[in-house]
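What follows is a single structure, and I will ask about it in a moment.
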There are 2 protein chains.
Amino acid sequence: MRISTRTRYGMRLMVNLAANFKNGYSFLKDVAKSEGISQKYLSLIVIPLKAAGMLTTSRGVHGGYILSKNPSKITAREIVEALEGDLSLVECSRDEKYCIKSKNCATQDIWFGLSEKIAEFLNSFNLEELVKIQIKKKSESNDYSI
Amino acid sequence: MRISTRTRYGMRLMVNLAANFKNGYSFLKDVAKSEGISQKYLSLIVIPLKAAGMLTTSRGVHGGYILSKNPSKITAREIVEALEGDLSLVECSRDEKYCIKSKNCATQDIWFGLSEKIAEFLNSFNLEELVKIQIKKKSESNDYSI
DNA sequence: TACTTATACTATTAATTCAGTAGTATATTA
DNA sequence: TAATATACTACTGAATTAATAGTATAAGTA
(Lines give C-alpha, C1' and ligand atoms only; values in the text may rest on other atoms or scores of the structure.)
Protein backbone atom coordinates (compact mmCIF):
# COMPACT_ATOMS: atom_id res chain seq x y z
CA MET A 1 0.00 0.00 0.00
CA ARG A 2 2.12 2.80 -1.31
CA ILE A 3 1.31 6.17 -2.77
CA SER A 4 2.43 6.14 -6.39
CA THR A 5 5.23 8.36 -7.60
CA ARG A 6 2.67 9.81 -9.99
CA THR A 7 0.49 11.01 -7.15
CA ARG A 8 3.41 12.30 -5.11
CA TYR A 9 4.71 14.25 -8.08
CA GLY A 10 1.25 15.52 -8.87
CA MET A 11 0.83 16.80 -5.34
CA ARG A 12 4.14 18.65 -5.49
CA LEU A 13 3.19 20.10 -8.84
CA MET A 14 -0.06 21.41 -7.41
CA VAL A 15 1.58 22.92 -4.34
CA ASN A 16 4.10 24.54 -6.64
CA LEU A 17 1.37 26.03 -8.82
CA ALA A 18 -0.46 27.18 -5.71
CA ALA A 19 2.64 28.98 -4.50
CA ASN A 20 2.85 30.77 -7.84
CA PHE A 21 -0.87 31.29 -8.24
CA LYS A 22 -0.69 35.05 -8.02
CA ASN A 23 1.96 35.26 -10.73
CA GLY A 24 -0.32 33.76 -13.36
CA TYR A 25 0.55 30.92 -15.70
CA SER A 26 3.59 28.76 -14.97
CA PHE A 27 5.56 26.84 -17.55
CA LEU A 28 5.79 23.14 -16.90
CA LYS A 29 9.46 23.47 -17.71
CA ASP A 30 9.96 25.67 -14.68
CA VAL A 31 7.89 23.53 -12.33
CA ALA A 32 9.79 20.45 -13.48
CA LYS A 33 13.11 22.15 -12.89
CA SER A 34 12.34 23.50 -9.44
CA GLU A 35 10.83 20.18 -8.32
CA GLY A 36 13.52 18.07 -9.94
CA ILE A 37 11.00 16.01 -11.90
CA SER A 38 11.10 15.02 -15.57
CA GLN A 39 9.09 17.52 -17.60
CA LYS A 40 7.85 14.81 -19.94
CA TYR A 41 6.55 12.78 -17.05
CA LEU A 42 4.87 15.81 -15.51
CA SER A 43 3.19 16.56 -18.82
CA LEU A 44 1.33 13.24 -18.45
CA ILE A 45 0.43 13.79 -14.82
CA VAL A 46 -1.12 17.11 -15.71
CA ILE A 47 -3.75 15.54 -17.95
CA PRO A 48 -6.04 13.98 -15.31
CA LEU A 49 -5.66 17.08 -13.14
CA LYS A 50 -6.89 19.20 -16.00
CA ALA A 51 -9.67 16.73 -16.75
CA ALA A 52 -10.80 17.04 -13.13
CA GLY A 53 -11.17 20.77 -13.60
CA MET A 54 -8.34 21.80 -11.33
CA LEU A 55 -6.07 23.27 -13.99
CA THR A 56 -6.52 25.82 -16.70
CA THR A 57 -4.04 25.68 -19.52
CA SER A 58 -2.87 27.90 -22.30
CA ARG A 59 -0.82 26.96 -25.32
CA GLY A 60 1.77 28.83 -27.24
CA VAL A 61 4.59 31.13 -26.33
CA HIS A 62 2.97 32.70 -23.29
CA GLY A 63 1.11 29.57 -22.33
CA GLY A 64 1.40 27.45 -19.23
CA TYR A 65 -0.65 26.07 -16.37
CA ILE A 66 -2.57 27.75 -13.59
CA LEU A 67 -4.97 26.51 -10.95
CA SER A 68 -8.57 26.89 -12.04
CA LYS A 69 -9.69 27.77 -8.53
CA ASN A 70 -8.28 29.59 -5.56
CA PRO A 71 -5.74 27.33 -3.77
CA SER A 72 -7.94 27.33 -0.67
CA LYS A 73 -10.65 25.65 -2.72
CA ILE A 74 -8.57 22.68 -3.82
CA THR A 75 -8.06 19.81 -1.41
CA ALA A 76 -5.48 17.04 -1.28
CA ARG A 77 -8.37 14.64 -1.62
CA GLU A 78 -9.38 15.97 -5.03
CA ILE A 79 -5.82 15.72 -6.22
CA VAL A 80 -5.30 12.16 -5.02
CA GLU A 81 -8.65 11.10 -6.44
CA ALA A 82 -7.81 12.57 -9.82
CA LEU A 83 -4.46 10.79 -9.95
CA GLU A 84 -5.06 7.59 -8.07
CA GLY A 85 -8.59 6.85 -9.15
CA ASP A 86 -11.28 6.61 -6.51
CA LEU A 87 -10.15 6.20 -2.94
CA SER A 88 -11.81 2.92 -2.06
CA LEU A 89 -9.25 0.37 -0.95
CA VAL A 90 -11.22 -2.61 -2.19
CA GLU A 91 -13.23 -3.38 -5.30
CA CYS A 92 -16.03 -5.17 -3.56
CA SER A 93 -19.00 -3.13 -2.52
CA ARG A 94 -21.85 -3.82 -0.17
CA ASP A 95 -23.63 -4.73 -3.36
CA GLU A 96 -23.69 -8.52 -3.43
CA LYS A 97 -22.92 -8.47 -7.13
CA TYR A 98 -19.19 -8.18 -6.51
CA CYS A 99 -18.81 -10.71 -3.71
CA ILE A 100 -21.25 -13.33 -2.50
CA LYS A 101 -19.90 -12.98 1.00
CA SER A 102 -20.61 -9.25 1.21
CA LYS A 103 -23.53 -9.60 3.55
CA ASN A 104 -21.57 -11.34 6.27
CA CYS A 105 -18.06 -10.09 5.69
CA ALA A 106 -16.64 -8.36 8.74
CA THR A 107 -13.40 -7.50 7.01
CA GLN A 108 -15.33 -5.25 4.64
CA ASP A 109 -16.01 -3.00 7.59
CA ILE A 110 -12.29 -2.50 7.96
CA TRP A 111 -11.66 -1.65 4.34
CA PHE A 112 -14.68 0.58 3.90
CA GLY A 113 -14.05 2.32 7.19
CA LEU A 114 -10.43 2.87 6.33
CA SER A 115 -11.26 4.25 2.91
CA GLU A 116 -13.53 6.78 4.58
CA LYS A 117 -10.87 7.79 7.09
CA ILE A 118 -8.39 8.35 4.31
CA ALA A 119 -10.80 10.48 2.31
CA GLU A 120 -11.62 12.47 5.42
CA PHE A 121 -7.99 13.11 6.28
CA LEU A 122 -7.05 14.15 2.75
CA ASN A 123 -10.05 16.42 2.69
CA SER A 124 -8.62 18.34 5.61
CA PHE A 125 -5.70 19.72 3.56
CA ASN A 126 -6.11 22.46 1.00
CA LEU A 127 -3.42 23.94 -1.20
CA GLU A 128 -3.38 27.31 0.55
CA GLU A 129 -2.50 25.63 3.83
CA LEU A 130 0.11 23.44 2.18
CA VAL A 131 1.83 26.49 0.75
CA LYS A 132 1.86 28.04 4.22
CA ILE A 133 3.36 24.89 5.69
CA GLN A 134 6.02 24.91 3.03
CA ILE A 135 6.92 28.54 3.60
CA LYS A 136 7.16 27.91 7.32
CA LYS A 137 9.36 24.87 6.82
CA LYS A 138 11.65 26.74 4.49
CA SER A 139 12.16 29.59 6.90
CA GLU A 140 12.83 27.16 9.75
CA SER A 141 15.38 25.23 7.75
CA ASN A 142 17.09 28.40 6.52
CA ASP A 143 16.64 27.25 2.98
CA TYR A 144 16.10 30.25 0.75
CA SER A 145 16.08 28.46 -2.58
CA ILE A 146 13.08 28.71 -4.85
CA MET B 1 -3.81 2.62 -3.60
CA ARG B 2 -5.50 -0.70 -3.19
CA ILE B 3 -5.36 -3.35 -0.51
CA SER B 4 -3.79 -6.44 -2.09
CA THR B 5 -5.76 -9.63 -2.49
CA ARG B 6 -3.11 -11.25 -0.36
CA THR B 7 -3.91 -8.97 2.57
CA ARG B 8 -7.66 -9.28 2.10
CA TYR B 9 -7.42 -13.06 2.04
CA GLY B 10 -5.08 -13.04 5.02
CA MET B 11 -7.53 -10.96 7.01
CA ARG B 12 -10.38 -13.33 6.22
CA LEU B 13 -8.20 -16.28 7.16
CA MET B 14 -7.42 -14.71 10.52
CA VAL B 15 -11.05 -13.88 11.27
CA ASN B 16 -11.93 -17.44 10.33
CA LEU B 17 -9.30 -18.86 12.68
CA ALA B 18 -10.48 -16.49 15.39
CA ALA B 19 -14.03 -17.76 15.02
CA ASN B 20 -12.77 -21.32 15.43
CA PHE B 21 -10.22 -20.50 18.10
CA LYS B 22 -11.93 -22.50 20.81
CA ASN B 23 -12.08 -25.63 18.65
CA GLY B 24 -8.31 -25.88 18.42
CA TYR B 25 -6.32 -26.37 15.24
CA SER B 26 -7.97 -25.77 11.89
CA PHE B 27 -6.92 -27.36 8.63
CA LEU B 28 -6.04 -24.91 5.91
CA LYS B 29 -8.12 -27.07 3.62
CA ASP B 30 -11.23 -26.23 5.60
CA VAL B 31 -10.48 -22.53 5.88
CA ALA B 32 -9.84 -22.40 2.16
CA LYS B 33 -13.09 -24.15 1.41
CA SER B 34 -15.28 -22.04 3.67
CA GLU B 35 -13.69 -18.82 2.44
CA GLY B 36 -13.65 -19.87 -1.18
CA ILE B 37 -9.93 -19.23 -1.55
CA SER B 38 -7.28 -21.45 -3.17
CA GLN B 39 -5.63 -23.57 -0.49
CA LYS B 40 -2.26 -23.34 -2.21
CA TYR B 41 -2.42 -19.59 -2.22
CA LEU B 42 -3.45 -19.47 1.42
CA SER B 43 -0.51 -21.71 2.30
CA LEU B 44 1.78 -18.91 1.13
CA ILE B 45 -0.11 -16.18 2.92
CA VAL B 46 0.19 -18.08 6.15
CA ILE B 47 3.99 -17.88 6.17
CA PRO B 48 4.46 -14.20 7.08
CA LEU B 49 1.62 -14.45 9.60
CA LYS B 50 3.44 -17.29 11.32
CA ALA B 51 6.74 -15.43 11.10
CA ALA B 52 5.08 -12.48 12.86
CA GLY B 53 4.18 -14.78 15.75
CA MET B 54 0.44 -14.71 15.19
CA LEU B 55 0.02 -18.36 14.24
CA THR B 56 1.04 -21.64 15.77
CA THR B 57 1.21 -24.58 13.43
CA SER B 58 1.32 -28.31 13.69
CA ARG B 59 2.19 -30.78 10.98
CA GLY B 60 0.93 -34.23 10.27
CA VAL B 61 -2.44 -35.90 10.37
CA HIS B 62 -3.87 -33.89 13.24
CA GLY B 63 -1.99 -30.75 12.36
CA GLY B 64 -3.31 -27.38 11.34
CA TYR B 65 -3.20 -23.72 12.28
CA ILE B 66 -4.32 -21.87 15.37
CA LEU B 67 -3.91 -18.31 16.59
CA SER B 68 -0.92 -17.99 18.92
CA LYS B 69 -2.74 -15.45 21.07
CA ASN B 70 -6.27 -14.78 22.16
CA PRO B 71 -8.23 -13.14 19.30
CA SER B 72 -8.70 -10.02 21.40
CA LYS B 73 -4.93 -9.57 21.45
CA ILE B 74 -4.48 -9.54 17.69
CA THR B 75 -5.22 -6.34 15.78
CA ALA B 76 -5.96 -5.69 12.12
CA ARG B 77 -2.89 -3.53 12.14
CA GLU B 78 -0.56 -6.41 12.98
CA ILE B 79 -2.10 -8.49 10.25
CA VAL B 80 -1.82 -5.82 7.59
CA GLU B 81 1.73 -5.01 8.63
CA ALA B 82 2.72 -8.66 8.39
CA LEU B 83 1.25 -9.03 4.91
CA GLU B 84 1.72 -5.63 3.38
CA GLY B 85 5.05 -4.66 4.87
CA ASP B 86 5.27 -1.52 6.97
CA LEU B 87 2.41 0.90 6.75
CA SER B 88 4.23 4.02 5.62
CA LEU B 89 2.80 5.30 2.36
CA VAL B 90 6.04 6.82 1.14
CA GLU B 91 9.66 5.74 1.18
CA CYS B 92 11.10 9.11 2.00
CA SER B 93 11.60 9.97 5.62
CA ARG B 94 12.25 13.21 7.40
CA ASP B 95 15.83 12.09 7.21
CA GLU B 96 17.38 14.15 4.41
CA LYS B 97 19.22 11.07 3.19
CA TYR B 98 16.21 9.89 1.17
CA CYS B 99 15.15 13.18 -0.37
CA ILE B 100 16.99 16.48 -0.54
CA LYS B 101 13.71 18.32 -0.36
CA SER B 102 12.65 16.70 2.91
CA LYS B 103 13.25 19.78 5.00
CA ASN B 104 10.85 21.95 3.08
CA CYS B 105 8.40 19.45 1.65
CA ALA B 106 4.85 20.19 2.72
CA THR B 107 3.46 17.16 0.92
CA GLN B 108 5.42 14.91 3.29
CA ASP B 109 3.13 16.10 6.05
CA ILE B 110 0.21 14.65 4.14
CA TRP B 111 1.79 11.26 3.56
CA PHE B 112 3.24 10.87 7.03
CA GLY B 113 0.05 12.06 8.67
CA LEU B 114 -2.03 9.73 6.56
CA SER B 115 0.20 6.77 7.33
CA GLU B 116 -0.32 7.45 11.02
CA LYS B 117 -4.08 7.71 10.64
CA ILE B 118 -4.19 4.40 8.83
CA ALA B 119 -2.13 2.64 11.49
CA GLU B 120 -4.32 4.16 14.18
CA PHE B 121 -7.53 3.05 12.54
CA LEU B 122 -6.34 -0.51 11.90
CA ASN B 123 -5.17 -0.67 15.47
CA SER B 124 -8.71 -0.11 16.63
CA PHE B 125 -9.92 -3.49 15.34
CA ASN B 126 -9.08 -6.77 17.04
CA LEU B 127 -10.08 -10.25 15.91
CA GLU B 128 -12.52 -10.82 18.74
CA GLU B 129 -14.53 -7.77 17.68
CA LEU B 130 -14.38 -8.77 14.05
CA VAL B 131 -15.83 -12.17 14.86
CA LYS B 132 -18.64 -10.46 16.76
CA ILE B 133 -19.35 -8.19 13.83
CA GLN B 134 -19.45 -11.18 11.53
CA ILE B 135 -21.84 -13.10 13.75
CA LYS B 136 -24.10 -10.08 13.97
CA LYS B 137 -24.08 -9.60 10.21
CA LYS B 138 -24.86 -13.24 9.60
CA SER B 139 -27.85 -13.21 11.90
CA GLU B 140 -29.13 -9.99 10.34
CA SER B 141 -28.81 -11.36 6.83
CA ASN B 142 -30.44 -14.68 7.76
CA ASP B 143 -27.45 -16.52 6.44
CA TYR B 144 -26.87 -19.61 8.49
CA SER B 145 -24.05 -21.10 6.46
CA ILE B 146 -20.72 -21.83 8.08
C1' DT C 1 8.22 -50.01 8.76
C1' DA C 2 5.30 -48.12 5.39
C1' DC C 3 1.29 -45.18 4.41
C1' DT C 4 -1.42 -41.22 4.84
C1' DT C 5 -2.09 -36.51 5.67
C1' DA C 6 -1.00 -31.86 6.58
C1' DT C 7 2.32 -28.15 6.67
C1' DA C 8 6.90 -26.00 4.57
C1' DC C 9 9.58 -24.58 0.97
C1' DT C 10 11.11 -23.31 -3.76
C1' DA C 11 10.31 -22.22 -8.50
C1' DT C 12 7.75 -20.72 -12.31
C1' DT C 13 4.48 -17.90 -14.90
C1' DA C 14 0.95 -14.94 -17.14
C1' DA C 15 -0.99 -10.60 -16.50
C1' DT C 16 -0.91 -6.18 -14.92
C1' DT C 17 0.94 -1.93 -13.26
C1' DC C 18 4.61 1.61 -12.88
C1' DA C 19 7.74 4.99 -14.15
C1' DG C 20 9.43 6.85 -17.62
C1' DT C 21 11.03 7.96 -22.69
C1' DA C 22 10.13 9.32 -27.47
C1' DG C 23 7.95 11.40 -31.16
C1' DT C 24 4.40 13.87 -33.40
C1' DA C 25 0.49 17.11 -33.57
C1' DT C 26 -1.63 21.33 -32.46
C1' DA C 27 -2.37 25.97 -30.73
C1' DT C 28 -0.56 30.66 -29.87
C1' DT C 29 2.23 34.47 -30.38
C1' DA C 30 5.93 37.26 -32.45
C1' DT D 1 6.45 31.36 -40.90
C1' DA D 2 9.43 30.41 -37.08
C1' DA D 3 9.51 29.65 -32.24
C1' DT D 4 7.52 27.92 -28.15
C1' DA D 5 4.46 25.61 -25.12
C1' DT D 6 0.85 22.28 -24.40
C1' DA D 7 -1.70 17.75 -26.17
C1' DC D 8 -1.74 13.28 -27.62
C1' DT D 9 -0.24 8.51 -28.72
C1' DA D 10 2.82 4.78 -28.48
C1' DC D 11 6.30 2.15 -26.62
C1' DT D 12 9.32 -0.18 -23.09
C1' DG D 13 11.92 -2.26 -19.24
C1' DA D 14 11.29 -3.39 -14.58
C1' DA D 15 8.69 -4.65 -10.83
C1' DT D 16 4.70 -6.52 -8.65
C1' DT D 17 0.65 -9.53 -8.26
C1' DA D 18 -2.00 -13.54 -8.04
C1' DA D 19 -1.69 -17.37 -8.58
C1' DT D 20 -0.07 -22.70 -9.88
C1' DA D 21 3.07 -26.74 -9.46
C1' DG D 22 6.05 -29.80 -7.41
C1' DT D 23 8.89 -31.48 -3.85
C1' DA D 24 10.33 -31.95 1.02
C1' DT D 25 9.37 -32.72 5.71
C1' DA D 26 6.95 -33.75 10.00
C1' DA D 27 3.51 -36.45 12.61
C1' DG D 28 0.28 -39.76 13.48
C1' DT D 29 -1.58 -44.49 12.14
C1' DA D 30 -2.19 -49.30 10.25
Side-chain angles (χ1 to χ4, degrees), chain A residues 1-13 17 20 23-33 35-68 80 83-86 89-92 99, chain B residues 1-13 17 20 23-33 35-68 80 83-86 89-92 99:
Chain A
M1 223 178 58
R2 289 279 133 84
I3 289 289
S4 67
T5 301
R6 202 174 117 95
T7 297
R8 284 188 293 108
Y9 286 178
M11 192 66 75
R12 283 164 59 189
L13 164 85
L17 290 180
N20 289 296
N23 306 326
Y25 286 89
S26 300
F27 297 140
L28 209 54
K29 184 172 60 174
D30 297 333
V31 177
K33 197 171 181 185
E35 294 293 336
I37 301 171
S38 144
Q39 180 185 345
K40 266 290 187 191
Y41 194 34
L42 268 188
S43 78
L44 296 182
I45 291 174
V46 129
I47 295 168
L49 293 169
K50 185 184 176 187
M54 283 178 271
L55 293 180
T56 299
T57 66
S58 168
R59 287 177 164 197
V61 180
H62 298 127
Y65 296 84
I66 191 169
L67 301 182
S68 302
V80 174
L83 294 168
E84 202 87 4
D86 83 309
L89 292 169
V90 288
E91 298 298 338
C92 60
C99 175
Chain B
M1 224 180 54
R2 288 279 135 82
I3 289 290
S4 67
T5 301
R6 202 175 118 95
T7 297
R8 285 188 293 108
Y9 285 179
M11 192 66 75
R12 282 165 60 190
L13 164 85
L17 290 180
N20 290 295
N23 306 325
Y25 285 89
S26 300
F27 297 140
L28 209 55
K29 183 172 57 174
D30 297 334
V31 177
K33 197 171 182 186
E35 295 293 337
I37 300 171
S38 144
Q39 180 186 344
K40 267 293 188 191
Y41 194 35
L42 268 189
S43 78
L44 297 181
I45 292 174
V46 130
I47 294 169
L49 293 170
K50 185 186 176 186
M54 280 178 272
L55 292 180
T56 300
T57 66
S58 167
R59 287 177 162 196
V61 180
H62 298 127
Y65 296 84
I66 190 169
L67 301 182
S68 302
V80 174
L83 293 168
E84 203 87 5
D86 84 310
L89 292 169
V90 288
E91 297 300 337
C92 60
C99 175

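So that the names make sense, note that chain A is the first sequence line, chain B the second, and so on, each numbered from 1.
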message: Between P on C:dA6 and CG on B:L55, what's the gap in Å once rounded to a whole number?
response: 18 Å
message: With a cut-off of less than 4.0 Å, is there a side-chain N or O of B:H62 near OP1 or OP2 of D:dA26?
response: no
- prompt: How do A:I3 and B:Q39 order along DNA chain C: which one's closest nucleotide is nearer the 5' end?
  reply: B:Q39
message: Rounded to whole Å, please give me the gap between CG in B:L28 and P in C:dA8.
response: 9 Å
- prompt: Contact class for A:Y41 vs. all strands (heavy atom < 4.0 Å): base, sugar-phosphate, or nothing?
  reply: base
message: Please confirm whether the shortest side-chain N or O distance from A:S58 to OP1 or OP2 of D:dT6 is below 4.0 Å.
response: no
statement: One should read off an interatomic distance between B:I45 CD1 and B:K40 NZ, to the nearest 0.5 angstrom, of 13.5 Å
- prompt: At their closest point, which heavy atom of A:V31 faces which heavy atom of A:S26, and how far apart are they?
  reply: CG2-CB, 4.2 Å
query: What is the distance from CG of A:D30 to P of D:dA5, rounded to the nearest Å?
result: 8 Å
field: Integer-rounded Å distance: D:dT6 P and A:F27 CZ
entry: 7 Å
- prompt: Does a side-chain heavy-atom distance below 4.5 Å link B:L89 with A:R2?
  reply: no
message: Using modelled atom types and a 3.5 Å cut-off, is there a donor and acceptor pairing between side-chain atoms of A:R12 and backbone atoms of A:E35?
response: yes
- prompt: A:I47 has an atom CD1; how far is it from atom P of D:dT6, in whole Å?
  reply: 12 Å
query: The side chain of B:V61 lies closest to which of these nucleotides: C:dA8, D:dT6, D:dA27?
result: D:dA27
query: By a strict heavy-atom criterion of less than 4.0 Å, which residues belonging to residues 4-13 of chain A are in contact with DNA chain C?
result: A:S4, A:T5, A:R6, A:Y9
message: Quick check: do A:L28 and A:L13 have side-chain heavy atoms less than 4.5 Å from each other?
response: yes
Dump the pairs, protein N or O against N or O of nucleotides 22-26 of chain C, anything under 3.5 Å, distances to one decimal.
from: C:dG23; atom 1: N7; to: A:K40; atom 2: NZ; distance (Å): 3.2
from: C:dG23; atom 1: O6; to: A:K40; atom 2: NZ; distance (Å): 2.1
from: C:dT26; atom 1: O2; to: A:R59; atom 2: NH1; distance (Å): 3.1

query: In Å, rounded to the nearest 0.5 Å, how long is the span from CD1 of A:I37 to CG of A:L42?
result: 5.0 Å
task: Taking the side chain as every heavy atom from C-beta outward, state whether A:V80 and A:M11 have any atom pair closer than 4.5 Å.
output: yes
message: Could you check whether any side-chain N or O of B:S68 sits under 3.5 Å from a backbone N or O of B:T56, counting only pairs where one atom can act as donor and the other as acceptor?
response: yes
statement: Heavy-atom nearest nucleotide on DNA chain D taken for B:E84 and for B:S38; more 5' hit belongs to B:E84
field: Phosphate-side-chain proximity, B:Y65 and C:dA8, N/O vs OP1/OP2 below 4.0 Å
entry: yes
query: With no hydrogens and no angle check, is any side-chain donor or acceptor of B:R6 less than 3.5 Å from a backbone partner on B:E84?
result: no
Validation row: B:Y9, B:Y41 side chains within 4.5 angstrom (heavy atoms): yes
- prompt: Quick one: B:K50 NZ to C:dT7 P, roughly how many Å, whole number?
  reply: 11 Å
field: Euclidean distance, atom CG of residue A:L17 to atom P of D:dT6 [Å, nearest integer]
entry: 11 Å
field: Non-hydrogen side-chain atoms of A:P48 and A:M54 separated by less than 4.5 Å
entry: no
field: Whole-Å gap separating P (D:dA18) and CZ (B:R2)
entry: 12 Å
statement: Overall bend of the helix from C:dT1-D:dA30 to C:dA30-D:dT1 (five pairs an end, 10° steps) is 0°
query: Is there side-chain contact between B:L17 and B:I66, with heavy atoms separated by less than 4.5 Å?
result: no
